[in-house]
Amino acid sequence: MAELRIYNTMSGEKELFTPQRDGRVSMYVCGPTVYNYAHIGNARPVVVFDCLYRVLNVRYSEVRYARNITDIDDKIIHAAKERGADIETVSREFTEKYREDMAALYALAPTIEPKATDHIEEMVSLTLRLVETGHAYESHGHVLFAVESMQSYGALSGRKLEDMLAGARVEVADYKRHAGDFVLWKPSSESEPGWDSPWGKGRPGWHLECSAMIRAHFGESIDIHGGGRDLIFPHHENERAQSCCAYGGDFVRHWMHNAHVGMDGEKMSKSLGNTRTVRELLSHYPGEVLRCALISAQYRSPLNFSEILLEQARSTLDNWYRALRRYGSQGDFSIPIAETAVYGALMDDLNTPEAFAVMHAAAATLNKSADDAEIERARAELLTGGELLGLLNSNPDEWFQQDVKSEGLFADQIEVQIEARAAAKASKDYQLADDIRAALEAEGVMLEDGPDGTTWRRGA
RNA sequence: GGCUCGGUGGCAGAGUGGUUAUGCAGCGGAUUGCAAAUCCGUCUACGCCGGUUCGAUUCCGACCCGAGCCUCCA
């Protein structure tokens with residue numbers, strides 16, 4: 001059986017994945033700060049780690065997958081203020097929308113979805129512990145982590161404290177002992193949300209929640225911690241500092257980070273304002289097309305987002321669905337998932353492009369083979385591959401007949417036209433037959449004559 | 001300025017010390033009333049310069065170019 005190998009950001013190498021406890025895997029992926037819609041870049045880690053979750057579930061008997069919701073953050077405070085709404089209203093609304101959007105991309109629900117505001121107590125006690133052990137200090141109402149107190153600070157992101165100061169872009173605040181010190185707990189004004197703490201009314205710093213929630217739900221260390229590349233520093237470096245200094249232990253055995261989705265060769269980010277929301281894209285493309293596009297490159301490679309990318313993803317899916325349509329997508333197959341080539345490809349650090357190549361090969365086999373055993377094998381490969389990749393969720397006819405642009409043109413009307421054309425063809429009135437076909441094409445319906453009659457699909 | 005990653009054929013995108021990635025697009029053919037779909041065949045590759053090697057796209061070094069992080073960010 002193939003063994004799982006994953007690239008560990010910490011070591012910079014692909015490593016054999018071994019869970020801490022036999023057969024049981026713990027995975028934590030950084031989720032959204034819920035103050036507006038998720039963009040397509042936010043969706044990449046969700047889809048990537050969803051693929052990993054699916055693979056892990058085949059290999060291990062118990063997989064616990066946590067994806068947090070950051071529901072207290074200054075950005076949410078600002079968003080609420082702008083809309084004149086409660087913070088809870090904003091965070092609840094966008095939590096819901098986030099769940100809907102990710103579900104539309106066929107991301108399975110995580111095992112747990114911890115919320116920051118449900119773990120304030122744990123965050124306070126974590127901060128307290130860091131103060132007691134000399135890794136944190138109070139200054140001007142803030143509690144700060146002292147980066148110099150940790151020998152290996154910077155080990156994850158591969159940087160040294162001296163190097164970081166060279167750029168001189170770290171926030172220089174005179175209440176910090178070292179410019180790299182970061183906030184664990186900060187004071188809240190009357191108008192800001194806050195919780196009682198040994199340091200007065202305040203709220204947590206950005207990095208604190210993940211450390212506290214991992215501790216609360218998984219204990220000292222987890223097997224996999226994932227997120228986007230941009231989180232390596234400072235977020236994950238600081239999480240690691242907090243957790244290791246407070247509780248000791250490994251904290252995280254395998255760090256995984258996905259590369260970004262680009263837009264016209266530039267980074268897509270909310271601050272640059274060049275984002276496309278998942279919600280908006282879903283009104284133009286099926287979720288499966290978006291998902292397919294997101295995993296068309298290996299997760300550690302940058303992915304440039306474009307209409308061309310989406311059209312390629314659509315034709316890739318068309319290709320597979322077309323092959324599936326020949327033999328139907330229903331029925332049992334006897335090949336264990338762990339023995340499929342798609343599984344093997346994904347076990348190699350989620351090599352989705354190689355998995356795609358396997359899928360294409362299986363589709364080609366279905367298109368041309370006359371050997372029952374071969375066909376069965378290819379069907380199994382395609383269908384189980386679809387399960388692992390989170391693709392091919394529809395039945396082929398639904399897939400090809402969705403999104404017909406024409407208004408008021410229903411399937412039964414199309415069938416009537418197909419029959420009329422068949423009659424025209426039978427009487428060798430090819431002019432009429434072609435006119436019917438052209439008229440349907442103008443309505444976004446493509447006809448395909450096959451040995452068993454004519455089928456239709458939405459056109460380009 | 002510091003750190004990290006990458007430069008593959010028209011485009012997208014894997015991989016490898018010596019045999020086809022794969023997909024889209026193109027071209028030729030089969031099939032079709034004509035198409036579409038499918039099948040068969042086929043053309044453009046590994047940034048640049050050195051080094052190691054019998055042999056490098058694949059390892060090493062320099063160079064050029066690009067991206068990311070160093071500040072909220074998936």
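Labels below follow one simple rule: chain letters A, B, ... track the order of the sequence lines, proteins then strands, and each chain is numbered from 1. Predicted, not measured: the structure shown is a model, and the values here were computed from it. When reading the values below, keep in mind they use all heavy atoms of this one structure, side chains included, and skip hydrogens, waters and symmetry mates.
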Checklist entry - Among the nucleotides U38(B), A74(B), C34(B), which one has an atom lying closest to any side-chain atom of D434(A)? => result C34(B)
Nucleotide N/O of nucleotides 20-23 of chain B paired with protein N/O under 3.5 Å:
unit_1 : atom_1 : unit_2  : atom_2 : d
U22(B) : O2'    : H360(A) : ND1    : 3.3
G23(B) : N2     : Q312(A) : OE1    : 3.3
G23(B) : N2     : Q312(A) : NE2    : 3.2

Next on the checklist: Please verify the inter-ring angle class for H140(A) with Y175(A); under 30° counts as parallel, over 60° as perpendicular, anything in between as tilted.
Outcome noted: tilted
Checklist entry - Within a strict 4.5 Å, meaning less than it, do heavy atoms of the M123(A) and E209(A) side chains meet? => result yes
Checklist entry - How is M359(A) classified with respect to the nucleic acid when contacts are heavy atoms under 4.0 Å: base, sugar-phosphate, or nothing? => result nothing
Next on the checklist: Expressed as a whole number of angstroms, how long is the span from R159(A):CZ to C3(B):P?
Outcome noted: 11 Å
Checklist entry - How far does the C1' atom of C64(B) sit from the matching atom of U52(B), given to the nearest Å? => result 23 Å
Checklist entry - Is the cationic atom of R437(A) (NZ for Lys, CZ for Arg) positioned less than 6.0 Å from the six-membered ring centroid of W456(A) and within 45 degrees of its normal? => result no
Checklist entry - Salt bridge or not for E93(A) and K97(A), using N-O below 4.0 Å? => result yes
Checklist entry - If you look at every strand shown and take non-hydrogen atoms under 4.0 Å, does Q298(A) touch a base, only sugar-phosphate, or nothing? => result sugar-phosphate
Checklist entry - If the C1' atom of C54(B) is compared with that of G61(B), how far apart are they to the nearest Å? => result 22 Å
Next on the checklist: Should the side chain of R229(A) and the base of C5(B) be counted as holding a donor-acceptor pair, with the cut-off at 3.5 Å?
Outcome noted: no
Checklist entry - Roughly, in whole Å, what's the span from CE in M446(A) to C1' in C34(B)? => result 13 Å
Item to check | Length of the CZ-P vector between R300(A) and U4(B), whole Å | outcome: 16 Å
Checklist entry - Between W320(A) and F356(A), does the ring centroid distance fall short of 6.0 Å? => result yes
Checklist entry - Which part of the nucleic acid, if any, lies within contact of T352(A), taking any heavy atom under 4.0 Å across all strands shown: a base, the sugar-phosphate backbone alone, or nothing? => result nothing
Next on the checklist: Base, sugar-phosphate or nothing for H235(A)? Non-hydrogen atoms, less than 4.0 Å.
Outcome noted: nothing
Checklist entry - Counting side-chain heavy atoms from C-beta on, which of G33(B), G13(B), U38(B) comes nearest to Y430(A)? => result G33(B)
Checklist entry - Considering only the C1' atoms, how many Å lie between C3(B) and G10(B), rounded to the nearest integer? => result 36 Å
Checklist entry - With rounding to whole Å, what would you report as the distance between A21(B) and G47(B) at their P atoms? => result 15 Å
Item to check | Value in whole Å for how far the P atom of A36(B) lies from CG of D449(A) | outcome: 12 Å
Checklist entry - Which part of the nucleic acid does L447(A) contact within heavy-atom distance under 4.0 Å: base, sugar-phosphate only, or nothing? => result base
Item to check | N258(A) side chain near A74(B) phosphate (N/O to OP1/OP2, under 4.0 Å) | outcome: no
Checklist outcome for this item: Of C72(B), A12(B), A74(B), the nucleotide closest to the side chain of L309(A) is A12(B)
Next on the checklist: What's the closest nucleotide to the side chain of H260(A) if the choices are C70(B), A74(B), G15(B)?
Outcome noted: A74(B)
Checklist entry - Taking the P atom of each, how far is A56(B) from G50(B), in whole Å? => result 13 Å
Checklist entry - Any idea which heavy atoms bring D349(A) and Q298(A) closest together, and the distance? => result O-NE2, 2.8 Å
Item to check | Distance-only polar pair, side chains of H225(A) and H236(A), donor-acceptor under 3.5 Å | outcome: yes
Next on the checklist: With a 4.5 Å cut-off on side-chain heavy atoms, are H217(A) and Y28(A) touching?
Outcome noted: no
Checklist entry - Between D449(A) and K425(A), is there a side-chain N and carboxylate O pair less than 4.0 Å apart? => result yes
Checklist entry - C1' atom, C46(B) versus U22(B): distance in rounded Å? => result 16 Å
Next on the checklist: Using the C1' atom as the point on both nucleotides, what is the distance between G17(B) and G13(B), in whole Å?
Outcome noted: 22 Å
Item to check | Closest listed nucleotide, where the reference is the side chain of K425(A) and the choices are C39(B), A37(B), G33(B) | outcome: G33(B)
Checklist entry - Which ranges of RNA chain B pair up as stems, where a stem means three or more consecutive Watson-Crick or G-U pairs with both distances under 3.5 Å? => result B:1-7 with B:64-70, B:10-12 with B:22-24, B:26-30 with B:38-42, B:49-51 with B:59-61
Next on the checklist: Check this for me: does any side-chain nitrogen of one of D74(A) and R203(A) sit under 4.0 Å from a carboxylate oxygen of the other?
Outcome noted: yes
Checklist entry - Taking the same atom, C1', in C59(B) and in U16(B), what whole-Å distance lies between them? => result 12 Å
Next on the checklist: For F94(A) and Y37(A): C-alpha separation, side-chain torsions, deciding distance, then whether ring pair (Phe, Tyr, Trp, His ring centres under 6.0 Å) applies.
Outcome noted: CA-CA 7 Å; F94(A) 287 108; Y37(A) 292 104; 5.3 Å; yes
